[in-house]
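For the numbers below, each heavy atom of this structure counts, side chains included, while hydrogens, waters and symmetry mates do not. Here the structure is a predicted model, which means the values were calculated and not measured.
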Amino acid sequence: MEAETRYAKSGDVHAAYRVFGDGPRDIIVVPGTVSHVELYWELPINEYLLKRLTSFARVIVFDKRGQGLSDRVAEQTLEERVDDVLAVMNAAGSSRATVYGWSEGGQMSLMFSAMYPERVSGLVLYGSYSSMKADPWILSPEKFNRFLAALEAHWGKGILVRFNAPSRIEDKAFMKWFGRLERAVASPSSILALVRANYEIDVSDLLPSIRVPTLILHRKGDSMVPVAAGQYLAANIPGAKYVELPGDDHLLQALDQDVLDLLLDQLEKFITGRRQRQRPEQIAANVPSADMMESANHVEMPPDGAEGASAANAIAELERYREVLGSGENGRGLVGLVARAEAIVAAARGSWSESEAQFVKAAETFRRLGMVWQEAQTFQSWGNALLAGANRRAAIEKLDTAIDIYRRHGADQHRIDSVRGDLAHANGNGGSGARLGLLQTPSSPQAVFRREGDYWTVAWEGNVVRLKDAKGLHYIAYLLANPGRQVLACELAAPGIASGNRRMSIDSNGTKPNLGDAGAILDAKARAQYRRRISELREELAEAEKLNHTSDAVRIRSELEFLRDQIAAAVGLGGRNRKAASHTERARLMVTKAIKASIAKVRTRDASIGRYLATSIKTGNCCTYDPDSASPISWQL
């Protein structure tokens, strides 16, 4: 979306801002830790966010002082930042707006709403808090200093993703984009100064004075800001509405499409009084840029795998899509097809940054629409484009991702074989017998998972990973040595496995060791009492919501969640009672945690090996290594 970058004068500081759309009401977005009014909004999911917001409002975005395109400053106070919000609103001609604050931007938004209530039509906070140091977050100085050390050491490499969006760590394109954003936003010294200043801010005393309509949004498992911080805001701001969203990632740009739409639905209803979500293709069609247009009408889709990776084919596809656009007959997924074709053409002329952005856009579009074959085809085309550009390692990664998508969704062998041929080419072999990554031949000497002293060597063709010894690696090796066999967790946990033996430890009577248990976690009487209390709480919650007693509703929800978690922890598969401190349960928890932790370490070193282990090893009371029978791997253990 196009919008001119302008500057508002706030004291001696120039604050960069942009205005999108021309809706009947205003929204001013108060950013979190990072902001860049141009680069930030290039990410496809941010474009989607803007399209949703501009469908019912005029949207004002700006860079905080010291960041992005605003003036760099050595020091800044919260009051000065609040003045910047006022200056931007004045410059944009906004007399009153909904203030939408993300993460650390919540503190600015709260103070602005308390100081200038006449300029605020509503307050929306996502993933926000009143204080890092005070209850309920209580981020200790020791943890905070470790966070600062990590920021300083890895700033510009996507370090914030590791803290704010753990699920996206393996997404190399996203990490690369976010690293670029970090470098553009601020230097390491300036970001450290900002974060240190934020650590000292506490706006808890302002909460009771907020008198504007308020909506609090927070993710249940927020990886950065605990959900209790959002609940605290809702309980202490008079009349605030609290909505809890599913998921763990704190970063707004890491939200799954359905969760982002849920958030935007709540925001639209809060601002307009109704929710009229347009389909993503309709939202795209509101933007007068041909490469983002599509509608609910029919368009002929190319057969899966039919689109060639050559620039000539891509140009032909673009011409066809543009004819379809010109005729007014568009279709589901056209935005992704256009982006993919644009990506291939950009790669052919050597514009690799543009190509990457378009491939990311295409992949995210198909993922959002559930078009998994097109998503896999996009990664295959991406891999071939990189291969043509002599970036072999990156090409292998994309092709490996295409195979992973096909396998996860039960694709036929023909689709997988088409990528195998590309992998063979990437490996420098024209023969169909070549294998790479997941496609190692049984006789390959490179498939190694072996302990060597205090370290383990995990090797595939062209890649070697060295890991420090850990229990989980022993468990994985045992499963790899027994492909297809269901191994009890208590067998893996038995003495001997973690020390390298391949046989289960047994006692003198030939039976597996069993340490007994302490009885059911909850007996029948306690479970019945819990369920009665849950029924009572549901009635109390309905009454509290009816009377708009927000603090009571938050308290009731918290108790409900606690009781549900207790019952869930006490009941296993089939409604069976779990035993407290049972040998089986302890083994299940210990083995599952150890295996997943080790696989996570492998994935940080090599994504393809880690992905293979994660998808082929199942954990639980029974653990299994289930390799692909079509391309078995002979592990050297």
Side-chain angles (χ1 to χ4, degrees), residues 29-35 64 76-79 81-82 85 99-115 120 122-148 151 160 162-166 191-192 194-210 212 214-255 263 266-267 550-551 553-555 557-558 561:
V29 176
V30 182
T33 303
V34 296
S35 64
K64 293 175 294 188
Q76 53 187 286
T77 65
L78 184 60
E79 290 77 10
R81 285 188 246 170
V82 166
V85 179
V99 179
Y100 179 17
W102 302 344
S103 191
E104 96 171 30
Q107 292 179 311
M108 291 172 62
S109 302
L110 285 162
M111 179 168 279
F112 184 85
S113 299
M115 293 175 63
V120 181
L123 172 63
V124 179
L125 303 175
Y126 166 75
S128 298
Y129 55 92
S130 58
S131 172
M132 292 187 198
K133 297 170 69 174
D135 192 57
W137 190 348
I138 316 180
L139 181 62
S140 69
E142 293 76 19
K143 287 184 178 179
F144 180 67
N145 287 331
R146 288 198 295 271
F147 174 62
L148 289 180
L151 280 187
L160 288 178
R162 297 190 178 276
F163 292 103
N164 295 327
I191 200 67
L192 289 175
L194 175 66
V195 174
R196 286 192 184 100
N198 290 340
Y199 187 63
E200 302 300 326
I201 296 171
D202 188 342
V203 296
S204 303
D205 292 342
L206 292 177
L207 302 185
S209 67
I210 303 296
V212 300
T214 304
L215 172 64
I216 311 292
L217 299 153
H218 214 103
R219 300 196 83 179
K220 182 177 180 180
D222 195 309
S223 58
M224 186 67 179
V225 182
V227 68
Q231 294 169 344
Y232 178 84
L233 293 176
N236 288 276
I237 297 175
K241 179 182 179 182
Y242 177 74
V243 176
E244 206 159 274
L245 303 171
D248 303 330
D249 286 336
H250 174 72
L251 193 66
L252 190 68
Q253 286 66 42
L255 266 62
L263 180 150
Q266 291 289 341
L267 194 149
T550 307
S551 59
V554 170
R555 175 186 55 77
R557 287 193 193 95
S558 178
E561 184 177 345

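- Thr77 is not listed as a side-chain neighbour of Val82, based on a closest heavy-atom distance of 4.5 Å or more.
- Counting heavy atoms from C-beta outward, Tyr100 and Val30 have side chains that stay 4.5 Å or more apart.
- Considering only heavy atoms from C-beta on, Pro246 stays 4.5 Å or farther from Lys220 through its side chain.
- Listed for the Asp249 side chain is no donor-acceptor partner under 3.5 Å among the backbone atoms of Leu251.
- Nearest heavy-atom pair across Tyr242 and Ala234 is CB-CB, 3.6 Å.
- The distance from the OH atom of Tyr232 to the CG atom of Leu207 is 6.0 Å, given to the nearest 0.5 Å.
- Closest non-hydrogen pair, Gly230 versus Ile216, comes out as O-CG2, 3.6 Å.
- Between the side chain of Ser223 and the backbone N or O of Gly221, no donor-acceptor pair lies under 3.5 Å.
- Under the salt bridge (charged side-chain N to carboxylate O under 4.0 Å, His left out) criterion, Glu142 pairs with no residue at all, not counting sequence neighbours.
- Within the 4.5 Å cutoff, side-chain heavy atoms of Gln266 are placed close to those of Leu217.
- Glu104 is linked by a side chain to side chain contact (heavy atoms under 4.5 Å, CB included) to Thr33, Lys64, Arg81, Tyr129, Leu194, Asn198, counting only residues two or more places apart in sequence or in another chain.
- In this structure, CG in Asp135 is found 9.0 Å from OG in Ser204, a value given to the nearest 0.5 Å.
- Residues Val34 and Leu160 have side chains in contact (heavy-atom distance under 4.5 Å, counting atoms from C-beta outward).
- Using a 4.5 Å heavy-atom threshold, the side chains of Trp102 and Ser109 count as separate.
- Residue Leu233 holds its CG atom at 9.5 Å from OG1 of Thr214, rounded to the nearest 0.5 Å.
- Distance alone, capped at 3.5 Å, is enough to place a donor-acceptor pair between the Gln107 side chain and the Ser130 backbone.
- With rounding to the nearest 0.5 angstrom, the CH2 atom of Trp137 is 5.0 Å from the CE atom of Met132.
- Looking at every heavy atom in both residues, Val212 comes nearest to Val120 through CG1-O, 3.9 Å.
- In this structure, Leu123 and Leu215 have side chains that are not in contact, with every pair of non-hydrogen atoms separated by 4.5 Å or more.
- Taking the six-membered ring for Trp and thresholds of 30 and 60 degrees, Phe147 and Phe163 have ring planes more than 60 degrees apart, a perpendicular arrangement.
- The environment of Asn145 atom CG is dense: over 12 non-hydrogen atoms of other residues, nucleotides or ligands sit within 6.0 angstrom.
- Contacts of Ala228 classified as side chain to side chain contact (heavy atoms under 4.5 Å, CB included), with partners at least two apart in sequence or in another chain: Pro136, Gln231.
- Although no hydrogens or angles enter the test, the distance criterion places a donor-acceptor pair under 3.5 Å between the side chain of Ser131 and the main chain of Lys133.
- Here Phe144 contributes atom CZ and Leu139 contributes atom CG; the two are 7.0 Å apart, rounded to the nearest 0.5 Å.
- For Lys143, the salt bridge (charged side-chain N to carboxylate O under 4.0 Å, His left out) criterion is met by no residue, not counting sequence neighbours.
- Rounded to the nearest 0.5 angstrom, Ile201 CD1 and Leu78 CG are separated by 4.5 Å.
- With sequence neighbours excluded, no residue forms a salt bridge (charged side-chain N to carboxylate O under 4.0 Å, His left out) with Arg219.
- Considering only residues two or more places apart in sequence or on other chains, Tyr126 meets the ring-ring contact (aromatic ring centres under 6.0 Å, His included) condition with none of them.
- Remark: the backbone N or O of Val225 is paired with a side-chain donor or acceptor of His218 at under 3.5 angstrom.
- Side chains of Ile237 and Ile210 form a contact here, defined as non-hydrogen atoms less than 4.5 Å apart.
- Side chain of Ser209 to main chain of Leu206: a donor-acceptor pair is present (N/O by atom type, distance under 3.5 Å, no hydrogens or angles).
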